[in-house]
Structure formats: C-alpha cells, structure tokens
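Heavy-atom basis, side chains included; hydrogens, waters and symmetry copies ignored. Order of listing sets the numbers, starting from 1, for every ligand and every atom in it.
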Amino acid sequence: MSKKILIIVLTISLVMMMAGCSLIESGPVSSFDMESESETESEEDLIVVGFSQVGAESDWRKANTESMLSTFTKEKGYELIYEDAQQKQQNQITAIRTFIQREVDYIVLAPVTEDGWDTVLSEAKEAQIPVIIVDRMVNVEDPELFECWVGSDFELEGRKVCEWIRAYLEYKEIPAEEVNIVDIQGTLGASSQIGRTRGLKDAVRANGWNLLEEAAGEYTQAKGREVTSRLLRKYDNINVVYCENDNEAFGAIEAIEASGRRVGSNISRGQIMVVSFDGVSDQAIEYARKGKISCIGECNPLHGPRVEKIIRDLEEGRTPDKYEYVDENVFSGDISITSINLDETVYTVTILGK
Ligand code: AHR
C-alpha cells in the first residue's frame, strides 16, 4: 500500500471512529441512561428519614424494626437511614448528630431511656429537622424539641396486668398476704420500665401484696434467667414473677423449671405464676395458651405506619397530635377472668384458645 493510500485509509477510519463516538454521545438515551437519570431524579424526591433504634434486645424490638423498615421503602418514597444503637444512649446521640450532618428531612428516635436528650435535640431543632419520638418517651425541658410522640401507655399496661392478677386471686380466694412477688424490670430509666414498675407498685400498695424485690432484667432472656435464678435462691416463697417483657419471662420460666418448681397460675398448689408484656412472638402466645405465662399485657410494636402517617401530615401542613397512645389488649389462656375494670373502663381479656 502506497503511503498516500495509507494516509487516506487512516483518515477515513479516524473520521468513522469520531462519527461513531459522537453518535453514542448525542444519540438516543439508552434505557440504562434513562433509568439512572430517573433514579437520580427520584432519589432527590425521596424523603430522607434517619431512624435511631434502641437495639435488638427483644422480639418486640425486632418486630418494631421490621415495621419501620417495611414502611419506609424507596417504593413508598423514602430513604431510610437505620442505626442500631445496641442499647447505648451515646450511640443514639452520635447517630442523631450524623443525621443532622447529612441534612435528613426527619429524625425518628426510639430512645433507650427518658433522660439526657436536651442537648442533641436542641441541635436538631437548630438545624430545623423535625424529630418524631416513638415507643418510649423523652424527658426534656422544652417540649418543642420534638414534634410529637407515638407509643404505648406503659403504666396502663402494668395496671391492667395487676388488675388481672387481683381479679384472678380473688376468684381463687387466695388472700393478699400470701402473695409474694418479684419484679424483673426492663431497662432502667426506659418509659416502659418506669410505667410497668409504677403500675405494679401501686397495685402492691392498694392490695397489700408483698413485693420481695425489684431487679433489672434489661428486657433480655439471658438476664431474665440470671436474675430469676438468683432470686429463687434468695427467697423460697416467691409465687408471682412479674416480668416486664416476654423475653425476660422466657428466661424466668427456664430458671423456675431448672430449680425444680413448676410455672402456672395455681399458686395454692405451689406453682409460680409468671406474667409479662408484649404478646408479639409465637412463643409468648403459645406459652400463654399453655398457661406457662398466666397473663400478657399487650405492647404493640407496629409503629412504622403510624410514624409514616405523622410524616405525611407534616409534609401536607397538618399538625399531628403531640401524644398518640395506641390501643392494646390483655391476653390469657385462662378462662377465669374475661374482663377487667379500671377507672370505670371495662377491658375485655382476649382468651387464647388451647
Ligand atoms: O419499650 C418497649 C419495650 O422495649 C418492650 O416491651 C420490650 O420488649 C422492648 O425491649
């Protein structure tokens, strides 16, 4: 090939290559490009929610996390930044500060305990990020530091369970002075612990029961077992174990059975009555059916849709209620008590069939 022809061939190939290149650059947008472009657009439209969760200490908590994760999805228009604090308040404070730096649209906080939030929530307020509190409450000087709260009336839960115990004992004609209770408390300083403990203490006072000891069970099965074993060694007359959640109750039942005692409502025959809260897991419902747990005060974990409703309201300029309490049941496998009466309100006991 002559030098001239070679130059012509090279020039044509170069022109073709350039033409090819420019075709790609200015040609129709491929479906891939369209996707990524619309993705970028819709990513910008997503409402960004930073959620600081307590941890994964119980079945209730896992159900609560699942409710949040399945509600705040991209398909529904959200980007959820989920942080598990592993039961440590400091981790929650760090998570909130990260959310502020990332300029999220909303912060949702499920606080581990009530106290210690003023500073970090002031920072969120300064950054003009609305904060929604879920499940347990925060104890802050300025209630304007958070938009609103949604969760359970923990004290009412405690009062309902205690009223069930009172009605049951009366029905079985068991005198109050024969009732010896231990309280396996939840995470100390958490609203659920404070409310349920208060519910019990008031009932102990009103009914003349003996409260032998209160001990922290941290809402876990392992701690529930450990603490109950210790208490069973210390007191030989325990006949009611008030567990502040189902996971503690699972641990308490293991400890009672390992000690050679039997669980059940028949305390005049030497059984130890176990009561608890949540009613979320199949195991808890099964134990209540079988009478291993005599009564469960329901604690509803399905807050995802409730928090989403609050965010929708705020987005559309409506003001949500400052405090929203959810309705809850009482469960028992025992047919003796079908309803309980508190402050002139009758609560039906949901009897779980065998
Ligand atoms: O604050 C709600 C409580 O926290 C639930 O009853 C318990 O199971 C959880 O860990």
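- Side chain of Gln92 to main chain of Ala110: a donor-acceptor pair is present (N/O by atom type, distance under 3.5 Å, no hydrogens or angles).
- Val263 pairs with exactly one of Met273, Glu257, Lys290 by the side chain to side chain contact (heavy atoms under 4.5 Å, CB included) rule, that one being Glu257.
- Aromatic ring orientation, Tyr325 versus Trp149: perpendicular (interplanar angle above 60°, classes split at 30° and 60°).
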(request) Could you give me the CA-CA distance, side-chain angles and deciding distance for Lys160 and Ile340, then say whether side chain to side chain contact (heavy atoms under 4.5 Å, CB included) is met? (result) CA-CA 7 Å; Lys160 284 182 190 167; Ile340 50 174; 3.8 Å; yes

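- In this structure, CD on Glu170 lies 8.0 Å from CD1 on Ile337, to the nearest 0.5 angstrom.
- Near ligand 1, residues Glu57, Ser58, Trp60, Arg61, Asp135, Arg136, Ser192, Arg196, Tyr219, Asn245, Asp278 come within 4.0 angstrom through at least one heavy atom.
- Taken to the nearest 0.5 Å, the NZ atom of Lys76 stands 6.0 Å off from the OG atom of Ser70.
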